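For reference, the structure discussed in these notes is given below.
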Amino acid sequence: MKKVTLFISEGSQASDKVTSFLDKNDVTYELKNVTENKMYLKELQEMKIFGTPTLFIDEKKIEGNQENKILYELGLANNLSEDAYFFENESKDD
């Protein structure tokens, strides 16, 4: 089983979407909320990462919300397509 760690921020739609996506796909992951725990923020910054959501699947880093890349790295998709879907392309229902 792959080790999955997700760094999120509170109040971030992007973080909420990745969390929901992982839950929908029954992925077990360690959640690190940088808003609640500043040590997690420091951990990210020491890796020269300054944004959330950031997902690690084993040692592979995925910044942002790249559904196809997440599926591929989890072994749930066979390839990465050129037309990869990004959560940012979803319309906002605010």
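Computed from a predicted structure; not experimentally measured.
How far CG of Leu22 is from CG of Leu74: 7.0 Å, rounded to the nearest 0.5 Å. Atom OH of Tyr40 is separated from atom CG of Leu6 by 12.0 Å, given to the nearest 0.5 angstrom. Ser15 contributes atom OG, which lies 7.5 Å from atom CG of Asn65 (distance to the nearest 0.5 angstrom).
Among all heavy-atom pairs drawn from Thr35 and Lys38, the shortest one is O-NZ, 3.6 Å. The shortest heavy-atom contact between Asn37 and Met39 is OD1-N, 2.8 Å.
With sequence neighbours left out, Ser20 forms a side chain to side chain donor-acceptor pair (under 3.5 Å) with no residue at all. With sequence neighbours excluded, the residues satisfying salt bridge (Lys or Arg N to Asp or Glu O under 4.0 Å) with Glu43 are Lys32. For Tyr29, the side chain to side chain donor-acceptor pair (under 3.5 Å) test picks out Asp23, with sequence neighbours left out. Considering only residues two or more places apart in sequence or on other chains, Ser9 meets the side chain to side chain donor-acceptor pair (under 3.5 Å) condition with Thr52.
Side chain of Asn25 to backbone of Phe21: a donor-acceptor contact under 3.5 angstrom is found.
A chain of hydrophobic side-chain contacts below 4.5 Å, direct or via other Ile, Leu, Val, Met, Phe, Trp or Tyr residues, connects Val4 to Ile70.
No side-chain heavy atom of Ile62 sits under 4.5 Å from any side-chain heavy atom of Thr54. Between Thr5 and Leu55, the closest side-chain pair of non-hydrogen atoms is not below 4.5 Å.
Tested against Phe7, the residues Val34, Leu31, Val18 include a single side chain to side chain contact (heavy atoms under 4.5 Å, CB included) partner, Val34.
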Decide yes or no on side-chain contact (heavy atoms from CB on, under 4.5 Å) for Glu67 and Tyr72, but give the supporting numbers first.
CA-CA 9 Å; Glu67 180 178 320; Tyr72 177 77; over 6 Å; no

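The list of salt bridge (Lys or Arg N to Asp or Glu O under 4.0 Å) pairs with a residue in residues 51-63, not counting sequence neighbours, reads Lys61-Glu63. For residues 1-14, there are no salt bridge (Lys or Arg N to Asp or Glu O under 4.0 Å) pairs, not counting sequence neighbours.
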